[in-house]
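One-based numbering along the sequence shown.
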Amino acid sequence: GTEAQAQAQAQAQAQALALALSKPRVWSPVINNFIISSSFFSIMTETRESTSIHGIKKYDFLLKPVTKLCWREASADHLMTHEEPVILTDTDLVASALHWDLSYLEQNMGPAKHTVYVSKTQTFMYFDDRKVSDYPSFREPTKKREWTFAKFVEEYKSHATRTDEYIYYQDALTDTVGSNIKHDFVHFNWKWVNERKKRYNWGNLSSNLLLISSPGNLTPCHYDEQHNFFCQVRGLKRILLFPPSEFGKLYPYTVAHPCDRQSQVDFNAPDYEKFPKFRDLEGFECILGPGDVLYIPMYWWHHIESLPPELSMSITFWYKGGPVPNKITYPLNAQQKVAITRNIEKMLNEALQDEKEVGPLLHMIVDSRY
């Protein structure tokens, strides 16, 4: 009935938006960039200007479409081998979960408590609560709650018309769930995903997060230190991606800060005086619909928006990085340089025991010398 119609509407909208963001799709794995015709820009302009219809926010920086390919295509394998994002189709990775909705989950998730974040705005920025004590003036951007799934559904419905508070479900799929969810979980395409892990020499799977978000909720730009298959189950998500080489234009917080790995720049109101390089930012974008799987490589920045008309439901597959190769190839790539940057910051923080001394020391080393 109504839910089936909403799902069909969301899928149709996803297809239309994906078409606008991906045509003409011409990707050259050799020269590693896009060849985009003028017709693409006219389609893109139409999509971007339809903010009232699709809820698409317009940004001042350049965005190109993420390539969308059947996972069997050689170009998809090339992109993943070189740790570049790609939307993969026909994986059936979470096909057994595509029927999930709030009603089904409420009946089958069981009595366990789940993590839900509460925010005064629709921006949900991650922070490490273990680092908060070192920053007395830090104000936590969200509050963490532990609710049963039934309580979450109740709160989700009551928050539907509120503008003073918003909620976002973010919890791992564990063995506390009911038997039907376990059955669906067991029937994920584990054969396919385990083959990908082996092929790309990743480390172990660390977790599967279930994410449930209201339209308009936003996860600000950040990067992770793991590979991720981001699977859309229900609704639509728009994801902006930026390569590790854009690190300096995104102005991350320091590694000692609670918001480590997050960009300091407010994308909706960038302070160009404070963050001048942000003007030159370039990245990629895509809109995911049910069944799409986005590969987000380690250290790639991503900014995630839940789009209307319905709630967005996603499942992540987090994989640790693989072992360090016995032989290092030079020059180092951007991912390796980000890892070095983090290690240097951590070492200096530990050696100096005062984060405020790190900057002056680095300036002393670099200024007028490099």
Side-chain angles (χ1 to χ4, degrees), residues 21-22 27 29 32-34 59 61-69 71 75-88 91 93 124-126 193 196-197 199-203 205-207 209 211 218-232 237-253 255 259-265 267 277-278 280-288 292-305 314-322 324 331-343 345:
L21 288 169
S22 63
W27 171 265
N32 196 32
N33 65 14
F34 284 96
Y59 298 103
F61 43 80
L62 177 64
L63 292 169
K64 301 175 183 178
V66 177
T67 305
K68 187 171 186 176
L69 298 166
W71 71 269
S75 296
D77 180 64
H78 177 91
L79 290 171
M80 292 194 62
T81 298
H82 290 81
E83 297 188 7
E84 298 186 33
V86 58
I87 303 170
L88 302 170
T91 68
L93 182 50
F124 288 79
M125 177 176 278
Y126 168 82
V193 78
R196 306 281 77 69
K197 168 189 175 296
R199 176 166 182 77
Y200 304 118
N201 198 31
W202 295 345
L205 177 74
S206 62
S207 68
L209 283 184
L211 309 171
L218 182 151
T219 302
C221 195
H222 66 285
Y223 67 89
D224 298 300
E225 295 183 277
Q226 298 187 68
H227 298 282
N228 184 8
F229 280 131
F230 191 97
C231 309
Q232 193 65 8
K237 270 204 169 74
R238 181 194 191 194
I239 302 183
L240 313 184
L241 296 122
F242 307 94
S245 57
E246 298 292 274
F247 185 93
K249 300 174 187 175
L250 285 162
Y251 300 89
Y253 288 93
V255 296
C259 293
D260 173 30
R261 299 184 291 103
Q262 320 290 308
S263 173
Q264 298 180 69
V265 185
F267 278 33
K277 294 179 183 178
F278 186 75
D280 301 320
L281 184 67
E282 295 184 13
F284 301 84
E285 71 175 321
C286 63
I287 293 177
L288 302 181
D292 287 336
V293 175
L294 173 65
Y295 167 53
I296 304 178
M298 182 187 301
Y299 294 124
W300 271 71
W301 296 82
H302 43 288
H303 173 98
I304 304 175
E305 305 167 9
S314 315
I315 297 173
T316 66
F317 288 71
W318 292 101
Y319 285 91
K320 297 179 180 179
V324 177
L332 299 181
N333 62 35
Q335 285 94 326
Q336 291 169 314
K337 290 177 181 178
V338 172
I340 290 173
T341 298
R342 292 186 61 79
N343 288 334
E345 276 194 75

Given Thr67 and Ser75, is the side-chain contact (heavy atoms from CB on, under 4.5 Å) satisfied, shown in steps? CA-CA 9 Å; Thr67 305; Ser75 296; over 6 Å; no
Heavy-atom closest pair, residues Val255 and Glu345: N-OE1, 3.3 Å
Can you see which heavy atom on Pro85 is nearest to which on Leu79, and at what distance? O-CD1, 4.2 Å
Indicate yes or no for a side-chain donor-acceptor contact from Thr316 to the backbone of Leu209 under 3.5 Å, with no hydrogens or angles considered. yes
Centre-to-centre under 6.0 Å for Phe61 and Phe242, is that the case here? yes
Do Tyr295 and Glu84 have side-chain heavy atoms sitting under 4.5 Å apart? no
Side-chain heavy-atom pair Cys286, Leu288 within 4.5 angstrom cut-off: yes
What are the two closest heavy atoms between His303 and Leu218, and how far apart are they? NE2-CD1, 3.6 Å
What heavy-atom pair brings Gly203 and Tyr319 nearest, and what distance separates the two atoms? O-CD2, 3.5 Å
Expected output: side-chain Ser263 to main-chain Val265 donor-acceptor under 3.5 Å: yes
Within a strict 4.5 Å, meaning less than it, do heavy atoms of the Gln232 and Leu294 side chains meet? no
Taking atom types as modelled, is there a side-chain donor on Asp77 or Tyr200 under 3.5 Å from an acceptor on the other? yes
Any Lys237 side-chain heavy atom under 4.5 Å of Asp292 side chain: no
Applying salt bridge (charged side-chain N to carboxylate O under 4.0 Å, His left out), can you list everything that pairs with Glu225, at least two apart in sequence or on another chain? Arg342
For the residue pair Phe317 and Trp202, is the inter-centroid distance of their aromatic rings smaller than 6.0 Å? no
Please round to the nearest 0.5 Å and tell me the distance separating atom CH2 of Trp301 and atom CG of Asp224. 10.5 Å
Non-hydrogen side-chain atoms of Met80 and Leu88 separated by less than 4.5 Å: yes
Can you measure from CG (Leu241) to CD (Glu285) and round to the nearest 0.5 angstrom? 10.0 Å
Can you confirm whether Phe278 sits close enough to Leu250 that some side-chain heavy atom of one is under 4.5 Å from a side-chain heavy atom of the other? yes
Please name all residues satisfying side-chain contact (heavy atoms from CB on, under 4.5 Å) with Lys320, sequence neighbours left out, ordered by chain then number. Ser206, Gln226
Just to verify, what does Pro244 make a side-chain contact (heavy atoms from CB on, under 4.5 Å) with, not counting sequence neighbours? Tyr299, Trp300, Ala334, Gln335, Val338
Phe247: which residues meet the ring pair (Phe, Tyr, Trp, His ring centres under 6.0 Å) condition with it, sequence neighbours left out? none
Do Val293 and Cys231 come within less than 4.5 Å of each other through their side chains, counting heavy atoms only? yes
Any sub-3.5 Å donor-acceptor pair from Glu305's side-chain atoms to Arg238's backbone N or O? no
If I take atom CG from residue Leu62 and atom CD from residue Glu282, how far apart are they, to the nearest 0.5 angstrom? 5.0 Å
Is the shortest heavy-atom distance from the side chain of Phe229 to the side chain of Leu205 under 4.5 Å? no
If you compare all heavy atoms of Cys259 against all heavy atoms of Met125, which two are closest, and at what distance to 0.1 Å? SG-SD, 3.5 Å
Find the distance between OH (Tyr223) and CD (Gln262) and round it off to the nearest 0.5 Å. 9.5 Å
Not counting sequence neighbours, which residues clear side-chain contact (heavy atoms from CB on, under 4.5 Å) with Lys249? List them please. Glu246, Lys277, Asp280, Leu281
Test side-chain contact (heavy atoms from CB on, under 4.5 Å) applied to Thr219 - qualifying residues, sequence neighbours left out: Tyr168, His222, Ile304
